[in-house]
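Every chain is numbered from 1 and lettered A, B, ... according to where its sequence line falls, protein lines coming before strand lines. When reading the values below, keep in mind they use all heavy atoms of this one structure, side chains included, and skip hydrogens, waters and symmetry mates. Since the structure is predicted, the reported quantities are computational estimates derived from the model, not experimental observations.
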There are 2 protein chains.
Amino acid sequence: MTRETKTIILDAAETLFAEQGFAATSLRAITSRAGVNLAAVNYHFGSKEALIDLVFRRRIIPMNRERLSRLEGLERADDGSEPSLEALITAFVAPPLEMARDAGSGGTVFIRLLGRSYTEPSATMQTAMRAMYEPVIDRFKQAFARALPQVPPVELYWRMHFMVGVLAYMMAGTDMMRLIATSRVADSPDIGELVRRMTDFIAAGMRAGPGSTTPAGGMDRVEA
Amino acid sequence: MTRETKTIILDAAETLFAEQGFAATSLRAITSRAGVNLAAVNYHFGSKEALIDLVFRRRIIPMNRERLSRLEGLERADDGSEPSLEALITAFVAPPLEMARDAGSGGTVFIRLLGRSYTEPSATMQTAMRAMYEPVIDRFKQAFARALPQVPPVELYWRMHFMVGVLAYMMAGTDMMRLIATSRVADSPDIGELVRRMTDFIAAGMRAGPGSTTPAGGMDRVEA
DNA sequence: GTCTATAACGGGATAGAC
DNA sequence: GTCTATCCCGTTATAGAC
């Protein structure tokens, strides 16, 4: 029963953090939603900050393990061929989005929280996240460099940023432009189709030839 | 002098919101940074929420006006030609990024705040933002549809989301992957180059042929 | 392990002197 | 318009009964 309570608190905290952010979510709100006593958080976790840390750790670590395992699977193909660019992108992009669909309990809401936290500037969070992400980023950077030998390293660096931006925005699912249809990831009927759309978009962007579109870039301003 | 004080408060609030978020920023911190009395916020703005609203309104409205004016300039070209896809993307993407560079006072920090707020789920903020963005999005949607007649409307809708995701992430500038060089927009020496990079990436993604990359999308999973 | 009660503090907002 | 002082509430964290 002792670990049961911790899990219940984690689930409640995860939901409220995703909805309101960290600072706006009080321990009272968390414990009341979890149906446990106010003192339980400090007993089980020590502090609010430690709770936040565990909320992330619980799901990010398996998620990144899944990304790496997909990547390794691609690189150990039987025929010894190099993985395609699309396969690499999918290996990076699909795990969080499928998590939003699959994880019965709180996976859906966690992905929204994670998408938000990409733009969270708190120093504590930044360093914690970097520690969890660094190995993944390193491995994928090498893989992308092999798949795109014609793209200069600096350009590739920026394009990986762009990829993360697309992913983070979809994960956060805030529907800034919701004027046509559903756009929250969790509501979307077919995650596989979203993954395919994102992969196509990102792959084309990553392959973009240098200079192909340059002339139009800087001269279109109407007035200073 | 009366408007002077309001401006000082707005500047201080903008900075602190960008650094810490809304909930974590107290009125005490704002007024102390601004060098004014604690009661000044409530006197001049009525409430913390109203202050937040004005912080955004002050810069978003001219920013979106600039986007629309660039778009209209493109569409009224002398030779009657349709604007290129790259020109449309630049018209949408450049104003916030150049604002980060140009605005002497708080433009830089505001852009970080704005990038963050794209994934801010507060209902109040969502509706306020939508009101300010709706006309811009509508106009650009039509322009993109004309520039990309071969892309089905649903696909185009998602690709515009992707574009916003790239932009929002760059604006927030949180350096999730900072392992090579600088990545904070404000630190970057050449905003024009960043705009060109983003435009090239997004343009290629938006033009991506349907099905060109489909077969690799879904079958690469290593294990369930 | 779980509860109640409370400490110690900081939050937003306001009344009223100046 | 600007200040001080204060109200009232919610916050995290903890002490101690059960």
Side-chain angles (χ1 to χ4, degrees), chain A residues 1-58 113 116-117 120-128, chain B residues 1-58 113 116-117 120-128:
Chain A
M1 283 305 186
T2 163
R3 297 199 56 230
E4 187 71 38
T5 297
K6 282 186 78 164
T7 305
I8 293 171
I9 293 175
L10 283 171
D11 290 342
E14 176 170 78
T15 301
L16 293 171
F17 287 154
E19 287 172 0
Q20 310 169 344
F22 305 119
T25 301
S26 67
L27 295 186
R28 287 176 148 80
I30 294 169
T31 51
S32 126
R33 176 178 238 269
V36 303
N37 189 269
L38 170 59
V41 165
N42 280 287
Y43 177 79
H44 285 287
F45 300 91
S47 71
K48 184 183 182 179
E49 199 174 358
L51 169 63
I52 294 176
D53 204 65
L54 269 188
V55 164
F56 279 93
R57 227 169 268 288
R58 174 171 71 144
L113 171 58
R116 274 196 87 188
S117 66
E120 189 88 22
S122 130
T124 321
M125 180 105 306
Q126 290 264 62
T127 51
Chain B
M1 284 305 186
T2 163
R3 297 198 56 229
E4 188 71 37
T5 297
K6 282 186 78 165
T7 304
I8 293 171
I9 293 175
L10 282 172
D11 290 343
E14 176 171 77
T15 301
L16 293 171
F17 288 155
E19 286 173 1
Q20 310 169 344
F22 305 120
T25 302
S26 67
L27 294 187
R28 288 175 151 81
I30 294 169
T31 51
S32 125
R33 176 178 239 271
V36 303
N37 190 268
L38 170 59
V41 166
N42 280 287
Y43 177 78
H44 285 287
F45 301 91
S47 71
K48 183 183 183 180
E49 200 173 358
L51 169 62
I52 294 176
D53 204 65
L54 268 188
V55 164
F56 280 93
R57 228 171 266 287
R58 172 171 72 145
L113 172 59
R116 276 194 85 190
S117 67
E120 188 91 20
S122 131
T124 320
M125 179 104 308
Q126 291 263 59
T127 50

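- Taking atom CD of residue Glu4(A) and atom C1' of nucleotide dT2(C), one finds them 15 Å apart after rounding to whole Å.
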With B for base contact, S for sugar-phosphate-only contact and - for none (protein heavy atoms under 4.0 Å), nucleotides 13-18 of chain D reads BB----

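- When rounded to the nearest whole Å, the span between CD1 of Ile9(A) and P of dG1(C) equals 12 Å.
- Here the CG atom belonging to Asp11(B) is positioned 4.5 Å from the CZ atom belonging to Arg58(B), to the nearest 0.5 angstrom.
- Residues that satisfy the salt bridge (Lys or Arg N to Asp or Glu O under 4.0 Å) test with Arg57(A), not counting sequence neighbours, are Asp53(A).
- In terms of the side chain to side chain contact (heavy atoms under 4.5 Å, CB included) criterion, residue partners of Ala50(B) (sequence neighbours excluded) are, by chain and number, Ser47(B).
- Between Thr5(A) and dG1(C) there is no side-chain polar atom (N or O) within less than 4.0 angstrom of OP1 or OP2.
- Across all strands, Thr25(A) comes closer than 4.0 Å only to sugar-phosphate atoms, never to a base (heavy-atom distances).
- Every residue meeting the side chain to side chain contact (heavy atoms under 4.5 Å, CB included) condition with Arg28(A), not counting sequence neighbours, appears here in chain and number order: Ser26(A), Leu38(A).
- Looking at residues two or more places apart in sequence or on another chain, you find a side chain to side chain contact (heavy atoms under 4.5 Å, CB included) between Ala24(B) and Ala23(A), Gln20(B).
- Atom-to-atom, NE2 of His44(B) to C1' of dG1(D) comes out at 7 Å; the value is rounded to the nearest Å.
- Computed from coordinates, the Phe22(A) CZ to dT11(D) C1' distance equals 18 Å when rounded to whole Å.
- In this structure, Asn37(A) places its CG atom 7 Å from C1' of dT4(C), rounding to the nearest Å.
- Taking 4.0 angstrom as the limit, Ser26(B) places a side-chain polar atom (N or O) nearer than this to OP1 or OP2 of dG11(C).
- With sequence neighbours excluded, the residues forming a side chain to side chain contact (heavy atoms under 4.5 Å, CB included) with Arg33(B) are Ala12(B), Thr15(B), Leu16(B), listed by chain and number.
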